[in-house]
**Q** 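Right, I'll just put the structure down here and ask away after.
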Amino acid sequence: MNGTTSSIRVDLQLIADMVEPGSRVLDVGCGDGALLQHLWKTKGVDGRGIELSQTGVNACVRNGLSVIQGDADTDLKDYPSDAFDYVILSQTLQATHNPRTVLDHMARIGKRSIVSFPNFGYWRVRSSLFFIGRMPVNEKLPHQWYNTPNIHFCTIRDFVVLGREMNLHVERGLALNGDGLRLGLDPAGVLANLLAEQAVFLLRRSHTNER
């Protein structure tokens with residue numbers, strides 16, 4: 001580890017800012033390992049990753065990262081409870097078959113969970129459906145409806161409501177624009193659900209009597 005910083009996406013840097021130095025981290029759907037490598041270099045984390053694509057796993061291994069090939073939907077159940085300080089799921093929740101089950105395992109495996117996802121309640125998505133009558137295709141959502149990996153279209157409000165149902169406490173939330181920059185809105189508010197293109201939430205399992 002050293003004091004240098006690497007260039008990563010703005011939204012990934014915001015996730016990294018939520019992680020305490022020296023923590024145990026599991027990055028679910030870690031891709032090419034950019035976030036894991038950044039956390040290892042800048043915060044000295046004990047990082048592990050799980051990635052579905054062989055291409056992503058190969059890229060991680062080439063960079064000396066501890067990453068295995070696996071599926072968030074089926075393999076998280078094999079991890080012991082409280083094995084990590086943070087479990088991260090970045091821009092992957094909407095591509096899982098059972099998002100609630102994945103979130104439940106994340107909360108069990110880690111003391112805290114960090115989840116980021118695109119907001120399908122964003123006003124341009126709504127207007128595309130309303131005025132054009134078709135699923136939106138743009139820089140952030142580049143796939144057609146028939147070949148998109150996104151199979152569960154979630155809004156920020158959907159996620160907040162689900163978190164409450166699952167007894168997950170929001171320690172921190174960020175509403176972001178398409179470039180990953182903070183908008184300065186209440187992440188659980190109506191305006192964020194309308195104006196934010198994506199969001200990041202830091203969660204922990206609540207006690208039964210905690211609001």
**Q** Does any N or O in the side chain of R182 come within less than 3.5 Å of the main-chain N or O of L174, such that one atom is a donor and the other an acceptor?
**A** no

**Q** List in chain and number order the residues that pass side chain to side chain contact (heavy atoms under 4.5 Å, CB included) with S66, two or more places apart in sequence or in another chain; answer none if no residue qualifies.
**A** R48

**Q** Taking atom CG of L36 and atom CG of D27, what is their separation to the nearest 0.5 Å?
**A** 4.5 Å

**Q** Let me check something: do L103 and I114 share a hydrophobic cluster, defined by ILVMFWY side-chain heavy atoms less than 4.5 Å apart, either directly or through other members?
**A** no

**Q** Please output the side-chain donor-acceptor pairs of residues 185-196 that fall under 3.5 Å, not counting sequence neighbours, one pair per line with the distance.
**A**
from : atom 1 : to   : atom 2 : distance (Å)
D186 : OD1    : A188 : N      : 3.1
N193 : OD1    : I156 : N      : 3.1
N193 : OD1    : R157 : N      : 3.0

**Q** If we ignore hydrogens and angles and just use 3.5 Å, is the side chain of N63 paired with the main-chain N or O of L65 as donor and acceptor?
**A** no

**Q** Say whether, by atom type as modelled, one donor and one acceptor occur between the side chain of N58 and the main chain of Q54 under 3.5 angstrom.
**A** yes

**Q** Testing V28, L12, V200, L35 one by one against I88 for a side chain to side chain contact (heavy atoms under 4.5 Å, CB included), which residue passes?
**A** L35

**Q** Quick one: does L203's side chain get under 4.5 Å of V170's, heavy atoms only?
**A** yes

**Q** Of the non-hydrogen atoms in L26 and F84, which two are nearest, and what is the gap between them?
**A** N-CD2, 3.6 Å

**Q** Could you name each residue pair satisfying ring-ring contact (aromatic ring centres under 6.0 Å, His included) that touches residues 96-117, not counting sequence neighbours?
**A** F117-F159

**Q** Counting only N and O atoms by type, is there a donor-acceptor contact under 3.5 Å from the side chain of T92 to the main-chain atoms of S90?
**A** yes

**Q** Looking at every heavy atom in both S53 and Q69, which two are closest together, and how far apart are they?
**A** C-NE2, 4.0 Å

**Q** Test of understanding: with ring pair (Phe, Tyr, Trp, His ring centres under 6.0 Å), list the residues that count as partners of Y79, not counting sequence neighbours.
**A** none

**Q** Quick one: does D11's side chain get under 4.5 Å of Q198's, heavy atoms only?
**A** yes

**Q** Any pair with a residue in residues 100-117 that passes salt bridge (Lys or Arg N to Asp or Glu O under 4.0 Å), sequence neighbours left out, goes on the list, sorted by first then second residue, please.
**A** D85-K111, R100-E165, D104-R205, R112-E171

**Q** Let me confirm one number: the OG-CD1 distance from S116 to I15, rounded to the nearest 0.5 Å.
**A** 4.0 Å

**Q** Applying the 4.5 Å side-chain criterion to the ILVMFWY set and letting contacts propagate, would I109 and L93 be lumped into a single cluster?
**A** yes

**Q** Rounded to the nearest 0.5 Å, what separates atom OG in S113 from atom CG in L168?
**A** 7.0 Å

**Q** Would you say the side chain of D179 lies within less than 4.5 Å of the side chain of R9, judging by non-hydrogen atoms?
**A** no

**Q** Under 4.5 Å between side-chain heavy atoms, hopping through other hydrophobics if needed: is there a path connecting L162 to V87?
**A** yes

**Q** Between OG1 of T42 and CD of Q37, what distance do you get to the nearest 0.5 Å?
**A** 10.5 Å

**Q** Is K43 reaching over with its side chain to a backbone N or O of A16, donor-acceptor style, under 3.5 angstrom?
**A** yes

**Q** Taking all non-hydrogen atoms of both residues, which atom of V67 and which atom of C30 are closest, and how far apart?
**A** CG1-SG, 3.7 Å

**Q** Could you state the interatomic distance from CE (M166) to OG1 (T101), rounded to the nearest 0.5 Å?
**A** 8.0 Å

**Q** What distance separates I50 CD1 from L76 CG, expressed to the nearest 0.5 Å?
**A** 5.5 Å

**Q** Within the 4.5 Å heavy-atom criterion, are L176 and E197 side-chain neighbours or not?
**A** no

**Q** Does the side chain of T96 pick up a donor-acceptor pair with the side chain of Q94 at under 3.5 Å?
**A** no

**Q** Could you please spell out the steps behind the side-chain contact (heavy atoms from CB on, under 4.5 Å) verdict for T55 and V57?
**A** CA-CA 6 Å; T55 300; V57 173; over 6 Å; no

**Q** Kindly say whether E20 contributes a backbone atom to a donor-acceptor pair with the side chain of S23 at under 3.5 angstrom?
**A** yes

**Q** Please examine the side chains of V19 and V25, heavy atoms only from C-beta on, and report whether any two atoms are closer than 4.5 Å.
**A** yes

**Q** Using the rule that Ile, Leu, Val, Met, Phe, Trp and Tyr join whenever any side-chain heavy atoms are under 4.5 Å apart, tell me whether V102 and F153 fall into a single cluster.
**A** no

**Q** Under 4.5 Å between side-chain heavy atoms, chaining through other members, with only Ile, Leu, Val, Met, Phe, Trp and Tyr counted: pull out the rest of the cluster around V10, sorted by chain and number.
**A** L181

**Q** Are V45 and L202 linked, directly or through intermediate hydrophobic residues, by side-chain heavy-atom contacts shorter than 4.5 Å (ILVMFWY only)?
**A** yes

